[in-house]
Chemist: 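Got a structure here, written out as structure tokens. Questions coming.
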Amino acid sequence: MLDPKFLRNELELVAEKLKARGFNLDTQQLADLEEQRKALQVKTEQLQNERNARSKSIGKAKAAGEDIAPLLAEVGQLGTDLDTAKADLAAVQEQVEKITLGIPNLPDDSVPAGADENDNLEVTTWGTIPSFDFEVKDHVDVAEFLNKGLDFESGVKLSGSRFVVMRGQIAKLHRALAQFMLDLHTEEHGYEEAYVPYLVNSDSLYGTGQLPKFGEDLFHTQAETEHGYGLSLIPTAEVPLTNLARDEIFDEEQLPIKLTAHTPCFRSEAGSSGRDTRGLIRQHQFDKVELVQLVKPEDSFETLEQLTGHAEAVLQKLELPYRKVLLCTGDMGFGATKTYDLEVWLPAQNCYREISSCSNMVDFQARRMQARFRRKGAKKPELLHTLNGSGLAVGRTLVAILENYQQADGSLAIPTVLQNYMGGLTSISVK
RNA sequence: GGUGAGGUGGCUGAGCGGUCGAAAGCACUGGUCUUGAAAACCAGCAUACGUUUGUAGCGUAUCCAGGGUUCAAAUCCCUGCCUCACCGCCA
């Protein structure tokens with residue numbers, strides 16, 4: 001959510017910045033509603049003031065033993081006037097809120113203008129793209145050959161399309177990856193490990209910005225009612241981790257707060273029906289190790305560079321070639337003001353594919369969540385800044401390893417840093 | 001799931017339907033005192049929004065949340081959520 005005062009006072013500037021990310025703000029409508037809101041709010045508060053004053057004088061009169069009947073008669077119409085004013089105000093406020101909750105964050109000035117992913121800016125590449133002296137298989141075929149380690153048929157039987165069963169050494173490798181990532185972030189990058197709920201309430205989803213606009217991307221445990229959806233499955237650990245700060249006021253010295261968690265993520269993939277139907281790339285359920293930081297405003301852009309580096313470290317230690325991309329205005333997520341994507345090299349697709357997305361949300365989520373901190377000696381608390389990034393998507397990392405570490409004989413080499421997690425195993429081969 | 005108790009400011013904890021944004025204590029901040037510290041004493045100490053050039057003033061709201069009764073609700077009624085205790089069940 002944007003700063004309502006900024007939105008009000010700089011409406012045209014906001015609209016212009018939003019245009020860069022393909023969002024059209026109806027400034028006329030919003031300005032009209034704001035004007036109504038202001039008038040109604042003043043009116044309502046005046047009526048309330050009058051009612052309070054009169055009620056108070058009735059109380060005093062009664063205490064003094066005076067006859068209060070004439071005073072009561074005077075109040076007469078006030079109550080109903082107040083009720084209608086309140087109702088009118090609530091209706092307008094609801095409209096304003098509906099609009100403001102649906103406005104995405106403003107892009108930072110360092111973000112390149114562009115319409116879609118084709119306008120993203122490649123920042124760096126790392127590693128050398130491997131060459132194979134045999135015909136490369138994609139990850140599905142590599143795993144199929146390795147004792148049917150990825151079992152999509154069973155996924156369909158148990159649940160439906162976009163679900164998978166992993167077995168044997170592939171399942172273990174998947175687990176090893178998550179362990180490795182968590183250990184790296186906690187032991188070398190200073191994050192605190194967290195175990196969090198996989199079901200969250202609607203307040204949490206509003207806080208990080210999944211609701212109200214993106215409800216159809218989530219799995220809900222019950223249909224939407226006026227009280228929300230009840231509990232919903234998390235689409236990312238960003239939701240529970242970031243919402244830990246909701247309605248909190250931290251001391252300045254407590255920041256930055258750095259949290260990591262390994263969780264499954266659930267996405268309905270509504271609107272992606274034809275895309276990436278083969279393999280592990282796009283599943284309804286996948287695991288991810290998430291990084292979240294809560295920082296002081298002046299630190300957030302520097303923190304974005306660091307956090308992205310923490311995600312890059314995973315790829316580097318796994319010796320997977322990747323590139324770092326600065327997303328353009330048109331390709332960023334709803335709450336982000338600046339986002340780097342890390343894209344890993346997939347030999348079978350002969351291209352880079354997204355494996356991590358690291359974003360600075362500045363105060364966008366913090367304002368929704370009322371997540372604040374107080375500077376030493378300061379009276380007023382300030383909104384903090386929130387950042388998050390994948391460090392990394394475990395399923396897609398498994399894909400990258402299956403493809404980049406495949407051998408001519410059909411076996412799979414195990415990246416050095418994972419061998420300890422695999423009981424010393426250096427490769428996986430057919431039984 | 002059943003029964004009972006309860007949810008008040010950073011914490012503890014008062015609060016006959018009216019002058020309660022809320023006693024008191026603790027914590028915290030500033031000051032007096034002191035060579036310094038402690039103690040003592042004095043003062044201050046919630047958040048959001050609106051109005052406004054204003055971190056001033058004024059106004060409004062907030063005593064778990066949402067409804068209701070009333071001229072007036074922290075206080076009464078209903079619903080929900082949560083906490084605690086005991087019972088049942090369970091990994």
Side-chain angles (χ1 to χ4, degrees), chain A residues 1-10 30-31 33-97 99-101 195 197-207 221-232 240 243-255 297 363 365-384:
Chain A
M1 200 175 152
L2 302 175
D3 180 357
K5 278 183 190 153
F6 185 73
L7 178 62
R8 238 177 274 156
N9 299 332
E10 305 289 344
L30 197 55
L33 282 170
E34 258 307 315
E35 201 174 319
Q36 286 180 50
R37 193 225 87 232
K38 192 182 271 192
L40 281 168
Q41 181 162 345
V42 169
K43 182 182 171 191
T44 305
E45 292 187 353
Q46 276 172 353
L47 284 169
Q48 243 156 355
N49 179 226
E50 192 175 339
R51 186 208 61 188
N52 289 348
R54 288 184 184 246
S55 292
K56 210 169 261 188
S57 65
I58 290 174
K60 279 183 182 163
K62 202 174 172 190
E66 295 167 19
D67 180 16
I68 59 170
L71 288 171
L72 286 180
E74 273 178 48
V75 178
Q77 187 63 19
L78 203 63
T80 50
D81 285 353
L82 180 59
D83 283 346
T84 54
K86 267 185 180 167
D88 291 348
L89 177 62
V92 172
Q93 274 175 332
E94 197 178 322
Q95 284 186 69
V96 172
E97 186 172 80
I99 292 171
T100 55
L101 280 174
Y195 172 84
Y198 305 153
L199 288 162
V200 295
N201 58 32
S202 291
D203 284 346
S204 295
L205 292 163
Y206 272 94
T221 56
Q222 55 187 62
E224 185 176 18
T225 69
E226 55 189 314
H227 305 296
Y229 288 97
L231 297 175
S232 308
N243 272 281
L244 285 170
R246 177 152 51 83
D247 296 322
E248 299 289 340
I249 301 176
F250 297 100
D251 292 330
E252 183 176 11
E253 308 86 75
Q254 290 176 270
L255 303 181
D363 59 8
Q365 294 178 325
R367 185 170 294 106
R368 291 171 165 241
M369 295 191 300
Q370 284 303 299
R372 294 169 294 177
F373 75 104
R374 202 185 320 262
R375 291 186 197 275
K376 211 169 164 55
K379 200 173 172 209
K380 271 179 112 53
E382 293 175 50
L383 294 171
L384 46 77

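First the proteins, then the strands, lettered A, B, ... as listed; each starts at 1. Keep in mind that this is a model prediction, so the values were computed, not measured.
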Chemist: My understanding is that a pair needs two contacts under 3.5 Å, Watson-Crick or G-U wobble. By that rule, which nucleotide pairs with B:G9?
Modeler: none
Chemist: Can you tell me, in whole Å, how much space there is between the C1' of B:G25 and that of B:G9?
Modeler: 14 Å
Chemist: Roughly how many Å apart are B:U12 and B:U69, using the C1' atom of each and rounding to a whole number?
Modeler: 34 Å
Chemist: Would you indicate whether A:Glu252, at its atom CD, is surrounded by more than 12 heavy atoms from other residues, nucleotides or ligands within a distance under 6.0 Å?
Modeler: yes
Chemist: At under 4.0 Å between heavy atoms, what does A:Lys43 touch on the DNA or RNA strands: base, sugar-phosphate, or nothing?
Modeler: nothing
Chemist: Nearest to the side chain of A:Gln48, heavy atoms from C-beta on, is which of B:U60, B:G50, B:A48?
Modeler: B:U60
Chemist: Can you list everything that forms a salt bridge (Lys or Arg N to Asp or Glu O under 4.0 Å) with A:Glu50? Sequence neighbours excluded, please.
Modeler: A:Arg54
Chemist: Going by atom types alone, do A:Asp83 and A:Thr80 pair a side-chain donor with an acceptor below 3.5 Å?
Modeler: no
Chemist: Return the pairing partner of B:U52 with a 3.5 Å limit on both distances, Watson-Crick or G-U wobble; otherwise return none.
Modeler: none
Chemist: Would you indicate which nucleotide in B:U47, B:G50, B:U60 comes nearest to any side-chain atom of A:Arg374?
Modeler: B:U47
Chemist: Could you check how far CG of A:Leu383 sits from C1' of B:A48, rounded to whole Å?
Modeler: 12 Å
Chemist: Determine the Euclidean distance between corresponding P atoms of B:U8 and B:G2; express it in Å to zero decimal places.
Modeler: 25 Å
Chemist: Over all strands shown, is A:Pro4 touching base, sugar-phosphate only, or nothing at heavy-atom distances under 4.0 angstrom?
Modeler: nothing
Chemist: Quick one: does A:Arg368's side chain have a donor or acceptor within less than 3.5 Å of a partner on A:Tyr206's backbone?
Modeler: yes
Chemist: Name all residues meeting the side chain to side chain contact (heavy atoms under 4.5 Å, CB included) criterion together with A:Ile58; count only those two or more places apart in sequence or in a different chain, and write none if there are none.
Modeler: A:Ile68, A:Leu71, A:Leu72, A:Val75
Chemist: Report the distance from atom CD of A:Gln46 to atom C1' of B:G50, rounded to the nearest whole Å.
Modeler: 11 Å
Chemist: Please give the distance between the P atoms of B:G59 and B:A22 as a whole number of Å.
Modeler: 12 Å
Chemist: Using the C1' atom as the point on both nucleotides, what is the distance between B:A91 and B:U3, in whole Å?
Modeler: 25 Å
Chemist: Does B:C49 have its OP1 or OP2 closer than 4.0 Å to a side-chain nitrogen or oxygen of A:Arg37?
Modeler: no
Chemist: So what's B:A61 paired with, Watson-Crick or G-U wobble, going by both distances under 3.5 Å?
Modeler: B:U47
Chemist: What is the base-pairing partner of B:C20, counting Watson-Crick and G-U wobble geometry with both distances under 3.5 Å?
Modeler: none
Chemist: Is there a donor-acceptor contact under 3.5 Å from the side chain of A:Ser202 to the main chain of A:Tyr229?
Modeler: yes
Chemist: Of all the choices, B:U51, B:G50, B:A48, which nucleotide is nearest to the side chain of A:Gln370 once you look at every atom?
Modeler: B:A48
Chemist: Rounding to the closest angstrom, what is the interatomic distance between B:G31 and B:G13 at atom P?
Modeler: 33 Å
Chemist: Taking only N and O in the side chain of A:Asn49, is any of them less than 4.0 Å away from OP1 or OP2 of B:G50?
Modeler: no
Chemist: With sugar-phosphate meaning primed atoms plus P, OP1 and OP2, does A:Arg375 contact a base, only sugar-phosphate, or nothing at under 4.0 Å between heavy atoms?
Modeler: nothing
Chemist: Hey, which sits more toward the 5' end of RNA chain B by its nearest nucleotide, A:Pro381 or A:Lys38?
Modeler: A:Pro381
Chemist: With P as the reference atom in both, quote the distance from B:C20 to B:A73 in angstrom, rounded to an integer.
Modeler: 15 Å
Chemist: Once you apply the 3.5 Å cut-off to both distances, tell me the Watson-Crick or G-U wobble partner of B:U3, or none.
Modeler: B:A85
Chemist: Quick one, give me the B/S/- string for nucleotides 71-83 of chain B, reading 5' to 3', where B means a protein heavy atom under 4.0 Å from the base and S means that only happens at the primed atoms, P, OP1 or OP2.
Modeler: BS-----------
Chemist: Please state the C1' separation for the pair B:G18 and B:U51 - nearest whole angstrom.
Modeler: 28 Å
Chemist: So what does A:Arg367 touch, heavy atoms closer than 4.0 Å: a base, only the sugar-phosphate, or nothing?
Modeler: nothing
